[in-house]
Amino acid sequence: MTDDRAIPENLVRRAPMPASVSRPVVTPIMPSVVYASECPDELDAQYEGRVKGFTYAREGHPNAEVLASKIDALEGAEGGLIVGSGMAAVSAVLLGCLKAGDHVLGGDQLYGRSLRLMGQDLPRLGISTSLADPTDASAFVRAMRPETRMVLVELVSNPTLRVADIPGIAAVCREHGVILVVDSTFSTPRAFRPFEHGADIVIHSVTKLLAGHSDVTLGYVAARDPAMRKAIYDFAVTTGMTPSPFDCWLAERGLMSFHLRYDRAEENAKALAEHLGGLPGVRRVLYPLRHDHPDHNRAAALLGTRGGNMLSFEVEGGRAGANALTRAMADLPFAPTLGDIGTILSHSASSSHRALSPEARQELGITEGFFRISVGVEDIELLKRDFSAGVAAAKAAAG
Ligand SMILES: *Cc1c(COP(=O)(O)O)cnc(C)c1O
């Protein structure tokens, strides 16, 4: 008996998978860029959708599909698409569905890069844009134009955690025949499912809470209308927004614990908000479910008890106080991201909002003493100790 696979000349031929009646429990990572079909007839059948088969990884691969179907289940969506980043998802929607002459209306506190896409890139391509305050649906009525085709909003804003009137905005969009897109990264489907509140398209930066470990960059987009779904898919494939199979695999692994992580982080965020509110040197605490939050009633109506893991606060002492706080909390990453399994501290004035003038930041309430916390799953007592030390250091620096 000769074994073909043992012949040196055949080393470049891929060996078949070993026979096994049992199956792997864990999704295999499939890095293959191409998929071999039996014959041209079969390839025809694949391309024409009569049989299911992968062809080329840029057009789709098993790890992306497994991940997409899991997030679809969370969102109550169908045919969701995984792309290489959250911004790829935003770009695929705006560029894949709009044309020159259209107008798109955005929330005025969108994610920084979404604002840049709307402010710089879309106008260059002949798509006009404007912004309105999403906590006020009547502002969206006033901002509508005859050529308005799309509205892009986030439910919970960064970093002041204002809560948008999504049902009100959805009603305005319905009345004007405008597509409503919700970037739901901050709230996640654990807290809010935009399709149930009138959204046509839902976007996630999977990079954040869904994958949850700060080790992959990925995005997700789902559209209710199959024609829109196809336009987004075609644009993403043509412009090469392909996600890596390994990243999809990591994100699928991260999703296994999403509900556990989310629930624990949210419980911690509530307790930490309470704790910070009682510390001398803290000027204010922003958390959607707190009674002193400006959108408290809407947060309760839309999120119920799901206040989320994001929380912001302001200390005394300006920049010197802020420097003292991060230095006194060196165990905690001071970094501009969110949704990691561990708590992460960020300072909007020196990161996400650094391009704004001090006056514009002041107007948003983003002072030098303003911090955002992405609360993680640590022991709450440890977090309370860390933040007590940080706030005390800021207060001492304030003199
Ligand atoms: C991070 C983020 C994005 C962009 O996601 P990336 O994966 O970093 O490209 C978009 N929207 C919101 C609300 C985000 O927080």
Side-chain angles (χ1 to χ4, degrees), residues 64 67-68 71 75 80-95 104 106-119 121-122 131 134 150-164 166 180-192 194 199 201-222 232 236 239-244 246-248 250-251 254-255 258 262 265 288 303 308-312 333 335-340 344-348 351-353 364 366 372-376:
L67 178 60
I71 304 177
E75 282 296 358
L81 179 69
I82 300 295
V83 287
S85 69
M87 276 318 297
V90 175
S91 303
V93 167
L94 295 177
L95 295 167
V104 48
D108 60 5
Q109 288 194 52
L110 290 174
Y111 183 69
R113 285 280 160 183
S114 298
L115 285 176
R116 190 192 148 100
L117 181 66
M118 293 199 38
D121 301 287
L122 296 185
L131 304 175
M150 185 178 276
V151 160
L152 170 64
V153 288
E154 295 167 15
L155 177 64
V156 179
S157 78
N158 175 40
T160 55
L161 311 178
R162 295 299 304 262
V163 179
I166 300 252
L180 175 59
V181 184
V182 177
D183 175 342
S184 209
T185 301
F186 265 53
S187 24
T188 84
R190 188 69 163 160
F192 186 76
I201 296 177
V202 173
I203 289 172
H204 282 287
S205 169
V206 178
T207 312
K208 312 293 170 52
L209 285 140
L210 294 177
H213 294 73
S214 297
D215 51 11
V216 291
T217 304
L218 285 176
Y220 164 89
V221 51
I232 294 166
T239 54
M241 296 178 170
T242 320
S244 130
F246 183 59
D247 284 354
C248 294
L250 278 175
L255 265 184
F258 167 60
Y262 183 91
L303 298 168
N309 79 312
M310 302 301 293
L311 148 72
S312 295
T337 191
L338 65 116
D340 187 63
I344 291 187
L345 190 61
S346 41
H347 182 250
S348 311
S351 58
S352 57
H353 290 65
L364 289 170
I366 302 169
R372 185 191 76 183
I373 317 169
S374 170
V375 181

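Nothing fancy with the numbering, it's 1 onward along the sequence. Both counts, for ligands and for their atoms, begin at 1 and track the order of listing. Since the structure is predicted, the reported quantities are computational estimates derived from the model, not experimental observations.
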Nearest non-hydrogen protein atom, atom 5 (O) of ligand 1: Ser205 OG, 2.9 Å
Residue, atom name and distance, where the atom is the protein heavy atom closest to atom 15 (O) of ligand 1: Lys208 NZ, 2.8 Å
Nearest protein heavy atom with distance in Å, relative to atom 9 (O) of ligand 1: Met87 N, 2.9 Å
Contact check, side chains of Asp183 and Leu110, non-hydrogen atoms, under 4.5 Å: no
Those atoms of ligand 1 less than 4.0 Å from some heavy atom in Glu154: 13 (C)
Val163 side chain near Leu155 side chain, heavy-atom distance below 4.5 Å: yes
Close side-chain approach of Pro194 to Glu75, heavy-atom, < 4.5 Å: yes
Atoms of ligand 1 close to Phe186 [distance to a heavy atom under 4.0 angstrom, numbered from 1]: 15 (O)
Atom 12 (C) of ligand 1: the protein heavy-atom neighbour that sits closest, reported with distance to 0.1 Å: Asp183 OD2, 3.4 Å
Minimum-distance protein heavy atom relative to atom 4 (C) of ligand 1: Tyr111 CE2, 3.4 Å
Closest protein heavy atom (residue, atom, distance) for atom 6 (P) of ligand 1: Gly86 N, 3.3 Å
Identity and separation of the nearest protein heavy atom to atom 7 (O) of ligand 1: Thr207 OG1, 2.6 Å
